[in-house]
Protein chains: 2
Amino acid sequence: MIFSKACEYGIRASVYIAQKSVSKERCNIKDISKEIDSPEAFTAKILQTLVHAQIIQSVKGAFGGFEITQKNLRKIKLIDIAIAIDGTLYDKTCVLGLKHCSENQPCPVHNQFKHIKKDLLCMMQNTHLLAMSTSVEAGLSCLKIA
Amino acid sequence: MIFSKACEYGIRASVYIAQKSVSKERCNIKDISKEIDSPEAFTAKILQTLVHAQIIQSVKGAFGGFEITQKNLRKIKLIDIAIAIDGTLYDKTCVLGLKHCSENQPCPVHNQFKHIKKDLLCMMQNTHLLAMSTSVEAGLSCLKIA
DNA sequence: TTTAATTCGGATAAAATTGTCCTATTTAAT
DNA sequence: ATTAAATAGGACAATTTTATCCGAATTAAA
């Protein structure tokens, strides 16, 4: 698995909130977890993490909820969400778990994975939150089984 | 993380056993866990899995241990070990956790990950156990911190 | 000012993964 | 036969991840 379950939910939730934020709509945790088919309380915890990471914003109280600023809609990339939730990326760590795997002291698959990791990082840096939400809005992709 | 901890140990152990098997040496779990720096009892469990999957062979009793047949030394690829331990691969599952993600009903990152997954699968199918062990034997890579 | 809708966050529980321990079984050597 | 060295495998423990529950705090509307 590339992402933890928490990260999967976090990405799907972010895309959903982004989709609503494009049309200035705010959404609450109940809607979010229903629309992305995720456990409500657990998803709420993950959203807290994303709020702390300043990726999404929360508004407390009645008629509150979650939203994403117009600035962040353009700024946030897939990699930002992944790092906020899962922390250090596969990119940085040895796939065989060696503490000091490097160019100088590589594990037996270091070179094979080097290129894959680079492509993965590059792709995640170039996958925009707004683009993901637009694709869902256009019906080209989805966030749960239809 | 790409591989589970169990899989990391399993791959490192396989490479070590392969290295010894090239010169017809058999090795026991104590040596293996020392040489790859892994928890002994846990590694023993993982080796059982690899024995059942017919990737490595075990010989019981005094002067027994683990070895890899000359045939398997040539036949086994990284992907075989990964599938034996971790089961279904990232390759087959949706990175955002959707049950029915496909070309017809893709998640918002399906197309981006499609290429990465293909490259990853291809690489793992072409990474030979023998090549990994040869690289360690030649001092070009290692299985634990030196 | 009261109420209802909401997030926040601490405590806890459940499940999965990682790791340990111990006994049984096997086998070669003495 | 006995012994020592090894894997096999069941039971269990620790840790991490996933998930739930509930009361406190916040806020807009009535």
Rounded to whole angstrom units, what separation is found between the [atom1] atom of [X] and the [atom2] atom of [N]?
X      : N       : atom1 : atom2 : answer
I29(A) : dC21(D) : CD1   : C1'   : 15 Å
L47(A) : dC8(C)  : CG    : C1'   : 12 Å
R26(A) : dA5(C)  : CZ    : C1'   : 12 Å
F66(A) : dT6(C)  : CZ    : P     : 11 Å
R12(A) : dT18(D) : CZ    : C1'   : 14 Å
H52(B) : dG10(D) : NE2   : C1'   : 13 Å
I32(A) : dT6(C)  : CD1   : C1'   : 12 Å
E25(B) : dA6(D)  : CD    : P     : 14 Å

task = Enumerate the residue pairs fulfilling ring pair (Phe, Tyr, Trp, His ring centres under 6.0 Å) with a member in residues 8-50 of chain A, sequence neighbours excluded, ordered by first and then second residue.
result =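 Sorted result for residues 8-50 of chain A: Y9(A)-F42(A).
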
query = Should we say atom CD of Q54(A) is surrounded by more than 12 heavy atoms from elsewhere, each under 6.0 Å from it?
reply =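 For Q54(A), atom CD is not crowded (no more than 12 foreign heavy atoms under 6.0 Å).
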
key: K114(B) atom NZ: more than 12 heavy-atom contacts under 6.0 Å   = yes

ask   = Does one side chain, of H110(B) or Q105(B), offer a donor that lies under 3.5 Å from an acceptor on the other?
value =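 Note: H110(B) and Q105(B) side chains miss the donor-acceptor criterion.
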
key: Modelled atom types, side-chain donor and acceptor of T43(B) and S38(B), under 3.5 Å   = yes

request  = Note down the inter-axis angle between the two ends of the helix from dT1(C)-dA30(D) to dT30(C)-dA1(D), five pairs each, to the nearest 10°.
outcome  =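 The helix from dT1(C)-dA30(D) to dT30(C)-dA1(D) shows an end-to-end axis angle of 10°.
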
query = Below 4.0 angstrom from OP1 or OP2 of dT7(D), is there any side-chain N or O of Q48(B)?
reply = no

ask   = For dC8(C), does OP1 or OP2 lie under 4.0 Å from any side-chain N or O of S58(A)?
value = yes

So, does [X] use its side chain to make a donor-acceptor pair with the main chain of [Y] at under 3.5 Å?
X      : Y      : value
D80(A) : K77(A) : yes
Q70(A) : S21(A) : yes
N28(A) : D31(A) : yes
S23(A) : K20(A) : yes

inquiry  = Strictly under 4.0 angstrom, non-hydrogen atoms only: write out the protein contact profile of nucleotides 18-30 of chain C, one letter per nucleotide from the 5' end, B, S or -.
reply    = SBB-----BBS--

